[in-house]
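Read the structure below first, then the notes.
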Amino acid sequence: MAEMALRNVCKQFDSAHYGVKNFNLDIHDKEFVIFVGPSGCGKSTTLRLIAGLEEITDGELWIDGKLCNYLEPRERDISMVFQNYALYPNMTVYENIAYSLKIRKVPKKEIDKRVKEVAKILEIEPLLKRKPVALSGGQKQRVAIGAAIIRKPKAFLMDEPLSNLDAKLRAQMRVELKKIHNQLDTTIIYVTHDQTEAMTLGTKIVVMKDGEIQQVDTPQNIYSNPINKFVAGFVGSPSMNFIACDVEEEAGKVVLIFAINNAIKKIYPNNHDAQLIREKYMGKRVILGIRPEDVYEYEEAKKRKIDLNSVGIEEEIVTREMLGAEVMLYFEEQNRTHAVKLGPENKTRIGEKIQLFFDTDQIHIFDIETGRNILYRERN
Ligand SMILES: Nc1ncnc2c1ncn2[C@@H]1O[C@H](COP(=O)(O)OP(=O)(O)OP(=O)(O)O)[C@@H](O)[C@H]1O
Ligand SMILES: [Mg+2]
């Protein structure tokens with residue numbers, strides 16, 4: 001059980017260089033918090049600050065109401081699993097898992113009980129007598145997680161723990177981790193590059209960039225209500241499509257205009273969005289964002305009662321990816337590649353043209369200078 005609070009936490013490596021800057025975050029008991037962001041944005045540094053492996057240069061770290069800035073890692077009662085899981089090669093799986101209890105002088109009988117419990121959760125009971133060398137990558141990973149969870153610490157910090165595994169094992173371990181989280185009822189902070197891991201495991205996602213938090217919210221809200229263009233573009237794969245357009249007025253209505261394939265295209269935002277855009281952006285240039293799954297072909301658009309007066313763009317397909325349950329088509333405009341996700345029945349081939357309609361209720365509009373999401377919905 002652990003409640004954590006980070007208050008303006010900073011890690012300054014030298015006079016000009018921050019690893020983490022003004023980090024403010026509340027983590028509640030039993031949350032599964034995910035840190036995501038590009039390489040070098042400070043994810044590992046933040047974990048190391050929480051674990052006590054790195055000194056906080058400014059700000060406060062509170063764990064269960066106690067100021068922890070100056071506590072030794074041991075005293076924080078936090079367990080960390082790294083990307084390169086370290087197992088002792090000359091110990092068996094059993095001894096590896098038992099190690100942290102053994103050095104704490106926990107009675108043998110109690111250790112035995114706990115090792116067996118953990119082995120059961122992780123389904124590694126048949127492996128207990130083996131040495132790490134005789135394990136697969138995924139099995140080693142599970143043993144490392146076992147060695148971390150046996151202590152029942154207040155919180156687990158995991159830094160890309162699945163990154164060495166192949167796609168299938170990752171998916172399997174993802175399900176395991178979710179189960180472990182439910183069974184252990186514990187707080188987990190988890191760093192990943194993997195979109196699916198972030199979306200499926202997290203109860204809360206923290207998106208970081210250049211050492212600073214961009215947005216903290218549930219996976220669903222991060223995806224559907226990103227605070228800025230960076231978050232919108234970072235979360236989701238393939239990425240959200242961005243098209244620059246001009247805000248104009250047409251017979252009293254707000255219209256977004258852009259040229260695509262040398263033809264002028266228009267988007268009529270819904271009334272709610274139009275009002276927010278009109279306030280500050282009339283006559284200005286903005287960035288329109290639309291996710292690949294919010295673009296449809298004519299028949300599907302008609303079925304979904306999408307406004308067919310809004311952009312029907314005709315595009316030449318430059319890449320096609322058949323993913324089984326869906327097909328991904330790519331076209332180029334404004335010197336960028338844009339993605340569209342359609343049903344697997346779509347047979348458009350590379351070089352062919354396709355007519356596409358945007359679901360105008362799903363558009364995002366960003367300030368061209370600050371990247372702020374003009375349609376961002378504040379919630380309490
Ligand atoms: N000991 C150090 N001294 C100086 N700079 C450091 C040190 N450790 C990390 N940094 C810098 O701090 C920034 C954040 O690093 P960090 O390892 O936290 O990134 P990350 O988000 O974990 O990246 P990745 O996804 O690549 O693991 C980087 O610019 C890195 O170069
Ligand atoms: Mg890292």
Side-chain angles (χ1 to χ4, degrees), residues 4-25 27 31-61 63 68-70 72-73 76 78-86 137 140-141 144-145 148 155-167 170 173-174 177 187-202 204-217 219 222 226-239 371:
M4 283 187 210
L6 289 91
R7 298 276 174 261
N8 290 314
V9 167
C10 297
K11 175 68 192 181
Q12 194 170 10
F13 285 115
D14 52 58
S15 59
H17 187 194
Y18 281 88
V20 177
K21 211 170 166 185
N22 296 327
F23 201 96
N24 282 295
L25 183 67
I27 297 171
E31 271 196 299
F32 202 132
V33 180
I34 309 274
F35 289 175
V36 293
S39 183
C41 73
K43 304 178 295 291
S44 298
T45 304
T46 310
L47 282 197
R48 294 170 59 80
L49 292 172
I50 296 172
L53 302 173
E54 201 84 65
E55 201 180 317
I56 294 171
T57 48
D58 208 353
E60 295 167 359
L61 168 69
I63 302 176
C68 288
N69 287 41
Y70 304 107
E72 289 294 318
R76 299 189 189 194
I78 284 173
S79 195
M80 189 145 168
V81 183
F82 296 95
Q83 174 175 351
N84 298 312
Y85 32 89
K140 275 188 214 156
Q141 190 71 75
I145 292 173
F156 296 109
L157 309 182
M158 301 190 176
D159 198 347
E160 307 206 36
L162 308 186
S163 56
N164 291 344
L165 308 184
D166 66 41
R170 276 182 92 111
M173 279 304 293
R174 203 167 65 220
L177 274 175
T187 306
I188 299 181
I189 310 178
Y190 189 98
V191 170
T192 183
H193 272 105
D194 187 301
Q195 303 275 333
T196 321
E197 260 169 55
M199 294 298 286
T200 55
L201 289 175
K204 187 187 254 178
I205 295 188
V206 180
V207 185
M208 298 175 64
K209 182 189 168 208
D210 300 335
E212 293 183 84
I213 293 183
Q214 300 289 304
Q215 186 172 3
V216 180
D217 213 327
I222 291 272
I227 196 162
N228 59 30
K229 183 167 171 265
F230 173 80
V231 174
F234 191 77
V235 178
S237 176
S239 177

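Whatever order the structure lists them in is the order used to number ligands and atoms, beginning at 1. Side chains included, hydrogens not; waters and symmetry mates left out as well; all remaining heavy atoms used.
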If you count the atoms of ligand 1 from 1 in the order shown, which ones are under 4.0 Å from a heavy atom of [X]?
X	answer
H17	5 (N), 11 (C), 29 (O)
G19	12 (O)
S44	17 (O), 18 (O), 20 (P), 22 (O), 27 (O)
H193	25 (O)

contact_flag K11 ligand 1 heavy-atom lt 4.0 Å: no
Just to check, does G37 reach to within less than 4.0 Å of ligand 1 when the distance is taken from its heavy atoms? no
Could you tell me whether the side chains of D58 and Q12 share a donor-acceptor contact shorter than 3.5 Å? no
Test of proximity, [X] against ligand 1: N or O pairs below 3.5 Å:
X	result
S39	yes
C41	yes
G40	yes
Y18	no

L162 vs L177 side-chain heavy atoms within contact, under 4.5 Å: yes
Using 4.0 Å as the upper bound for N to carboxylate O, is an ion pair formed by R48 and E54? yes
Hey, are E160 and K43 close enough for a salt bridge, meaning a charged N less than 4.0 Å from a carboxylate O? no
Quick one, V235 with M199, criterion side chain to side chain contact (heavy atoms under 4.5 Å, CB included). Give me CA distance, side-chain angles, the key distance, then yes/no. CA-CA 9 Å; V235 178; M199 294 298 286; 4.1 Å; yes
CG/L6 to CD1/I63 distance, rounded to the nearest 0.5 angstrom? 8.5 Å
Quick one: side chain to side chain donor-acceptor pair (under 3.5 Å) partners of N69, sequence neighbours excluded? none
Those residues that, when tested against K11, pass side chain to side chain donor-acceptor pair (under 3.5 Å) (two or more places apart): none
Look at T45 and state whether any of its N, O or S atoms is less than 2.8 Å from the Mg ion (ligand 2). no
